[in-house]
Amino acid sequence: MGRPTVADLSPETLELTSRRGVREALAAFGVRSSRRLGQNFLVEPAALARILEAADLKPDDAVLEVGPGLGVLTGELLRRAGRVVAVEIDRRLCAWLRERFSRFPHFTLVENDILRVVPGDLMGPNPYLVVANLPYAITSAALRYLLEAQPKPVRLVVMVQWEVARRLTATPPEMSLLALSVQYYARPEIVARVPAGCFYPTPRVDSAVVRLEVYAQPHLSTPAEAFFRLVHAAFAHPRQQIGKTLSAGLGRPREEVTTALKTAGIDPRRRPETLGLGEWDILGKALEFGD
């Protein structure tokens, strides 16, 4: 279909990517946006086109969508992909989605919390993508959950809060536990910044479209369980020197940790956010966390 543009969106989609369209759709089912569930509906067609462009869908692709809401993105996914599985926790919106997409044989709706389902059970053993406007309240948990799934998605294209997008793509000296948790599994890239005014109701912050290319094979030698034990210990007190935090967090003598840090070429006085992914991997080897 080529690079998606606003002109490629269906008339039904364009109707729903307007404030009036969203208000009318919600009113038709007697639904109000839930702040608890982080429901903010996209009302900017150009932002929707950027999501579709970043997803780079092929006709035989299988897509997992989280929090489809009114189905604005869902409808366009169904036009481009071979199979779409949408997970929606709000039973009121599920009624709308069933009515709207019942005619599509390649659509499956799962009424549940994404954190309570097994992606592999939904998608099967074949490659799949995640394309979603993630509910703000569960963004970090959902990303970690999806990236640790078996099998993992090959690509994620997600809408998240702008500050979360910056944290996902951070580099030293601004690394965070979230950045490490994501970058262990995938290479994240900010595709576009999406102003708050592109949503209804209007949130207090801007958002961003982020594309994550998931590594087919582990690109670090430190196994995931050991890697996360290491970084969790370090980030328990992120403003303290890493030699001190690791000793306490790992329950190892300070001298042993200091020796490992120096073996890895890391000054024990540095703070955790100043270390890059490769340095954590080298440190994992020095602490004998490798295979």
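Linking Ile, Leu, Val, Met, Phe, Trp and Tyr whenever their side-chain heavy atoms come within less than 4.5 Å leaves Val164 and Val205 in two separate clusters. When the side chains of ILVMFWY residues are joined at heavy-atom separations under 4.5 Å, either directly or via intervening members, Leu14 and Leu77 end up in a single hydrophobic cluster. If you chain together hydrophobic residues whose side chains sit under 4.5 Å apart, Tyr136 and Val209 fall into the same group. The hydrophobic clustering, which links ILVMFWY residues whose side-chain heavy atoms are closer than 4.5 Å, places Leu212 and Leu277 together. The same ILVMFWY cluster, assembled from side-chain heavy atoms under 4.5 Å apart, contains both Val131 and Phe104.
Thr245 and Gln240 are not linked by any side-chain donor-acceptor pair at a separation below 3.5 angstrom, with hydrogens and angles left out of the test. Judged by distance alone, the side chains of Thr222 and Arg229 never bring a donor and an acceptor atom under 3.5 Å apart.
Salt bridge Arg79/Glu12: absent, no basic N to carboxylate O contact under 4.0 Å. Salt bridge Arg167/Glu174: absent, no basic N to carboxylate O contact under 4.0 Å. At a threshold of 4.0 Å, the pair Glu53-Arg3 counts as salt-bridged, since one of the basic side-chain nitrogens sits closer than that to a carboxylate oxygen. Under a 4.0 Å N-O distance rule, the pair Arg98/Glu111 qualifies as a salt bridge.
The closest donor-acceptor contact from the side chain of Glu24 to the backbone of Leu16 lies at 3.5 Å or more, if one exists at all. Here the side chain of Arg103 pairs a donor or acceptor atom with the backbone of Arg100 at under 3.5 angstrom. Proximity of a side-chain donor or acceptor of Tyr128 to a complementary backbone N or O of Leu64 within less than 3.5 Å is not detected. The backbone N or O of Ala196 sits less than 3.5 Å from a side-chain atom of Asp206, completing a donor-acceptor pair. Under a 3.5 Å cut-off, the side chain of Glu99 and the backbone N or O of Trp96 do not form any donor-acceptor pair.
The shortest heavy-atom contact between Ser181 and Phe228 is CA-CE2, 3.5 Å. Summarising the geometry of Asp90 relative to Glu88, their closest heavy-atom pair is N-OE2, 2.9 Å, with the distance given to 0.1 Å. Nearest heavy-atom pair across Leu147 and Lys152 is O-CE, 2.8 Å. Shown here for Arg155 and Ala54, the closest heavy-atom pair between the two residues is CD-O, 4.0 Å. Smallest separation of non-hydrogen atoms from Val87 and Asn112: CG1-O, 3.4 Å. Closest of all the heavy-atom pairs between Thr17 and Pro45 is OG1-CG, 3.5 Å.
Counting non-hydrogen atoms of other residues, nucleotides and ligands closer than 6.0 Å to CZ of Arg23 gives a total above 12. Counting heavy atoms of neighbouring residues, nucleotides and ligands inside a 6.0 Å radius, atom CD of Glu148 exceeds 12 of them. Shown here is Gln150, whose CD atom has more than 12 heavy atoms of other residues, nucleotides or ligands within 6.0 Å. Annotation: Arg166, atom CZ; neighbour count of heavy atoms from other residues, nucleotides and ligands within 6.0 Å does not exceed 12.
Put simply, CG on Leu97 and CG on Leu70 are 7.5 Å apart, with the number rounded to the nearest 0.5 Å. Between the CG atom of Leu109 and the OG1 atom of Thr74 there is a distance of 9.0 Å, given to the nearest 0.5 Å.
Considering Leu178, Leu168, Leu134 as possible partners of Thr139, the one that fulfils the side-chain contact (heavy atoms from CB on, under 4.5 Å) test is Leu134. Put simply, the residue from Leu129, Thr108, Val85 that forms a side-chain contact (heavy atoms from CB on, under 4.5 Å) with Met123 is Val85. Tested against Arg80 for a side-chain contact (heavy atoms from CB on, under 4.5 Å), the candidates Asp56, Leu57, Asp61, Val63 yield a single pass: Leu57.
Under the 4.5 Å side-chain criterion, counting only non-hydrogen atoms from C-beta, Pro238 is not in contact with Arg271.
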How far apart are the C-alpha atoms of Trp280 and Gln183, what are their side-chain angles, what is the distance that settles it, and do they pass the side-chain contact (heavy atoms from CB on, under 4.5 Å) test?
CA-CA 12 Å; Trp280 287 109; Gln183 292 178 29; over 6 Å; no

For Arg211 and Arg187, what are the C-alpha separation, side-chain angles and deciding distance, and is it a side-chain contact (heavy atoms from CB on, under 4.5 Å)?
CA-CA 8 Å; Arg211 173 171 166 150; Arg187 179 176 58 82; over 6 Å; no

Decide side-chain contact (heavy atoms from CB on, under 4.5 Å) for Leu73 and Glu65; before the verdict, give the C-alpha distance in whole Å, the side-chain angles of both, and the deciding distance to 0.1 Å.
CA-CA 9 Å; Leu73 176 59; Glu65 184 185 9; 3.6 Å; yes

